[in-house]
Each structure stands twice: as structure tokens, then as C-alpha cells.
Colleague: 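Sharing a structure below in C-alpha cells format, with a few things to ask.
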Amino acid sequence: MFLALAPHIEDTAWFFDTELLVLAQRNRLRIHEVPVDWTDDPDSRVDIVRTALDDLKGMRRMFRKSVTGRAHVAAVPRRTRTTTPVLPVGALASSAEHLEYAS
């Protein structure tokens, strides 16, 4: 399912995962959370104001997509009672080679 949604993800920074989850939800996919081990980098730097502004822009873009119907991806099969596609959240990093994190 990720491969069907990936071309519709516009953000290549911190908001990409939110955009992916919204697209999955709008296309009636079930989300399965997979625990991961987090290693914190104490030297990490994030521009909080810039990141927050970019996230607000992403939220506005996703709202517009939802209202106009562009959040629907035709290649994603509609969920039925016999078929329940699952998008494993923990597998995003290995499948998202074209996406880059802004750090």
C-alpha cells in the first residue's frame, strides 16, 4: 500500500509521515503501529519555528486535498470485510528512500 501512496506525498521533510498517515486514513487503510528502538542524538538541531510553519502549511495542503477529493488514491483498493490492508508505520523508513529528513 505504501508504494501506491508514496507518489502522492509532497513533503520531503518532517511532515511526510503525517501526510502519509492522512492519505492512508483517507483511503480507508488500517494503520498498524510497530514499536521501534529510539536513539536520541543530544547534538540534534531543529529550527522549531520553521518546522512548525512548514507543518502548518502541510496541514493546510492536506485539508485542501481532503476537501477537493485529491486525497483519494485510485490505485489503493477499497477496504472490504474480507480484505484489510495494513500499513506498518515502523516500516516507513526502509520504504521511503526518496524522502529526506531535514535536520
Side-chain angles (χ1 to χ4, degrees):
M1 295 304 132
F2 173 79
L3 295 177
L5 297 177
H8 302 279
I9 299 171
E10 296 179 34
D11 193 277
T12 59
W14 293 100
F15 192 73
F16 94 92
D17 52 349
T18 305
E19 190 168 352
L20 174 62
L21 291 170
V22 169
L23 284 171
Q25 188 265 335
R26 293 287 186 249
N27 286 278
R28 294 189 234 161
L29 297 176
R30 294 187 63 192
I31 308 298
H32 179 75
E33 294 185 45
V34 177
V36 296
D37 293 329
W38 180 265
T39 303
D40 190 38
D41 181 1
D43 195 39
S44 178
R45 303 284 187 264
V46 176
D47 183 346
I48 298 295
V49 174
R50 180 70 182 163
T51 301
L53 290 174
D54 288 344
D55 286 354
L56 288 171
K57 289 176 188 175
M59 289 167 42
R60 182 181 65 210
R61 186 180 65 251
M62 291 307 300
F63 176 76
R64 286 182 181 162
K65 272 186 173 183
S66 295
V67 169
T68 62
R70 292 186 304 129
H72 171 71
V73 177
V76 176
R78 307 316 286 163
R79 192 171 92 191
T80 65
R81 288 192 173 148
T82 58
T83 309
T84 307
V86 174
L87 177 66
V89 174
L92 295 180
S94 63
S95 301
E97 295 175 3
H98 76 282
L99 301 173
E100 298 178 17
Y101 283 102
S103 56

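Atoms considered below: every heavy atom in the structure, side chains included; atoms not considered: hydrogens, waters and symmetry mates. Residue numbers start at 1 and run along the sequence shown.
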Colleague: Is any NZ, NE, NH1 or NH2 atom of the basic residue among K57 and D55 found under 4.0 Å from an Asp or Glu carboxylate oxygen of the other?
Modeller: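 D55 and K57: not salt-bridged.
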
Colleague: If you compare all heavy atoms of M62 against all heavy atoms of F15, which two are closest, and at what distance to 0.1 Å?
Modeller: CG-CE2, 3.8 Å

Colleague: Whether the side chain of R30 engages the backbone of R28 through a donor-acceptor N/O pair (distance < 3.5 Å, no angle test) should be reported.
Modeller: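 Checked: no pair found.
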
Colleague: Could you tell me which non-hydrogen atom of N27 sits nearest to which non-hydrogen atom of L23, and how far apart they are?
Modeller: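 Closest approach of N27 to L23: ND2-O, 2.7 Å.
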
Colleague: When hydrophobic residues are tied together by side-chain contacts of less than 4.5 Å, even through go-betweens, does L3 share a cluster with L29?
Modeller: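 Yes, same cluster.
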
Colleague: Looking at side-chain heavy atoms only, is the closest gap between R61 and E19 below 4.5 Å?
Modeller: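 Contact flag for R61/E19 side chains = yes.
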
Colleague: Count I, L, V, M, F, W, Y as connected when their side-chain heavy atoms are under 4.5 Å apart, and connections chain through other members. Are F63 and L5 then in the same cluster?
Modeller: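 As far as the 4.5 Å side-chain criterion goes, L5 and F63 are not connected within one cluster.
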
Colleague: When rounded to the nearest 0.5 angstrom, what distance separates CD1 in I9 from CZ in F2?
Modeller: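 Taking CD1 in I9 and CZ in F2, the distance rounds to 5.0 Å.
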
Colleague: Working to the nearest 0.5 angstrom, can you tell me the gap between D11 CG and T18 OG1?
Modeller: 8.5 Å

Colleague: Kindly compute the distance separating CG (L21) from CZ (F16), expressed to the nearest 0.5 Å.
Modeller: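 Rounded to the nearest 0.5 Å, the CG-CZ separation comes out at 9.0 Å.
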
Colleague: How close do A24 and I31 get, heavy atom to heavy atom, and via which atoms?
Modeller: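 In this case the closest contact between A24 and I31 is CB-CD1, 3.5 Å.
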
